[in-house]
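Reviewing the structure listed below.
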Number of protein chains: 2
Amino acid sequence: MLSAATEPPSLVHEVEPGPELLDAAAATLRMLAEPTRLHLLWQLANGPKTVSELTAAAGVPRTVASQHLAKLRHSGLVDTRKDGRNVIYSLRDGHLVRLIRETINHADHQMTGEPTHS
Amino acid sequence: MLSAATEPPSLVHEVEPGPELLDAAAATLRMLAEPTRLHLLWQLANGPKTVSELTAAAGVPRTVASQHLAKLRHSGLVDTRKDGRNVIYSLRDGHLVRLIRETINHADHQMTGEPTHS
DNA sequence: AATATGAGTGCATAAGTTCGCACCTATGCA
DNA sequence: TGCATAGGTGCGAACTTATGCACTCATATT
């Protein structure tokens, strides 16, 4: 019951997130936490793409890509627009781009020898 | 094979992540993508804590906290240190703090009125 | 009109996850 | 030595998730 540990390192935020916030955050993270979906989102971080382009880039069967895109759509992370027989996907929130890049970045650092970052 | 969509918005990175990187990133995200675990990590973003402190903060039964902490340990996201009969957990990588805060931040924006732009 | 192509859906199987119970180890204290 | 406390583990039950198959819908092209 003592505030143990070595020493208080920052006490910067101290904000208690609350269950709803945590659930929302976890829900978003669950969407990112699958290699194929992350790949699709990463592609979209470069700008809008059609399903064909996304499918080709991710290297998965069409139904699989479609299912994942459906999840992303239903969770509100991406937007769609129709152009002829193509459907063009795009990221809904620019904020997400930063999150995705931060994630890939982190993984990259972790793999290539763990340099404390710059 | 046409670079469809509206127009190329940035072409900044263009780097293809590759399966291993994506798997690694997804693995890390899976660790974050669970409300209790995210809560624990959020606590740790404020500095090292004992299991008791973490368990109390997260408001879950001890065994549950223990299982989640085990996962975090085994995935290398946290470090442990023993002090008497307490075990003190801490974040392994400072980079992770940014990722966690970015995530909570994103979720917060998304909840409090969706001011994402349209 | 007929057909090919881009995209989405419903469903079943397989695989993974969380939770809580029962049980165990280690440290400190009387 | 005996006991309380901090923390961890193994396992089964319930739940969630990813995948691929078969099928449908819509838009072009001929």
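Letters A, B, ... are given to chains in the order of the sequence lines, protein chains preceding strands, and every chain is numbered from 1. Just so we're clear, the structure is a prediction, and the values are computed from it rather than from any experiment.
- The side chain to side chain contact (heavy atoms under 4.5 Å, CB included) check on A:Asp23 picks up B:Pro35, with sequence neighbours excluded.
- Checked against side chain to side chain contact (heavy atoms under 4.5 Å, CB included), A:Asp83 has the following partners two or more places apart in sequence or in another chain: A:Ile88.
- Checking C:dG8, D:dA18, C:dC19 against every side-chain atom of B:Glu34, the shortest atom distance belongs to C:dC19.
- Partners of B:Arg62 under the side chain to side chain donor-acceptor pair (under 3.5 Å) rule, at least two apart in sequence or in another chain, do not exist in this structure.
- For A:Ala70, the side chain to side chain contact (heavy atoms under 4.5 Å, CB included) partners two or more places apart in sequence, or in a different chain, are A:Arg73, A:His74.
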Per-nucleotide protein contact string for nucleotides 25-30 of chain C, where B marks a base within reach and S marks sugar-phosphate only (heavy atoms under 4.0 Å, - for neither): -SBS--
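- Atom-to-atom, CG of A:Leu54 to P of C:dG6 comes out at 14 Å; the value is rounded to the nearest Å.
- Under the salt bridge (Lys or Arg N to Asp or Glu O under 4.0 Å) criterion, A:Glu20 pairs with no residue at all, not counting sequence neighbours.
- Residues satisfying the side chain to side chain contact (heavy atoms under 4.5 Å, CB included) test with B:Ala24, not counting sequence neighbours, are A:Ala107, A:Met111.
- Here the P atom of nucleotide D:dA18 and the CG atom of B:Leu22 are 15 Å apart, to the nearest Å.
- As a whole-Å value, the separation of A:Arg30 CZ from D:dA18 C1' is 14 Å.
- Scanning residues 56-70 of chain B for heavy-atom distances under 4.0 Å to DNA chain C yields B:Pro61, B:Thr63, B:Val64, B:Gln67, B:His68.
- A close approach under 4.0 Å does occur between a side-chain nitrogen or oxygen of B:Tyr89 and OP1 or OP2 of D:dG8.
- Regarding A:Asp23, its CG atom lies at a distance of 15 Å from the C1' atom of D:dT16, rounded to whole Å.
- Applying the salt bridge (Lys or Arg N to Asp or Glu O under 4.0 Å) criterion to A:Arg98, with sequence neighbours excluded, gives B:Glu102.
- No option in A:Leu54, A:Asn86, A:Thr55 other than A:Leu54 meets the side-chain contact (heavy atoms from CB on, under 4.5 Å) test with A:Lys49.
- Using a 4.0 Å cut-off, some side-chain N or O of B:Ser52 falls inside it from OP1 or OP2 of D:dG7.
- Within a heavy-atom distance below 4.0 Å of DNA chain D, the residues of residues 71-78 of chain B found are B:Arg73.
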Test log, rule side-chain contact (heavy atoms from CB on, under 4.5 Å), inputs A:Val78 and A:Leu69: CA-CA 8 Å; A:Val78 300; A:Leu69 289 169; 5.7 Å; no
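- Contact of the A:Tyr89 side chain with the A:Thr50 side chain is not registered, since no non-hydrogen atoms from C-beta on lie closer than 4.5 Å.
- Sequence neighbours left out, the pairs with a member in residues 29-38 of chain B that pass side chain to side chain donor-acceptor pair (under 3.5 Å) are B:Arg37-B:His68.
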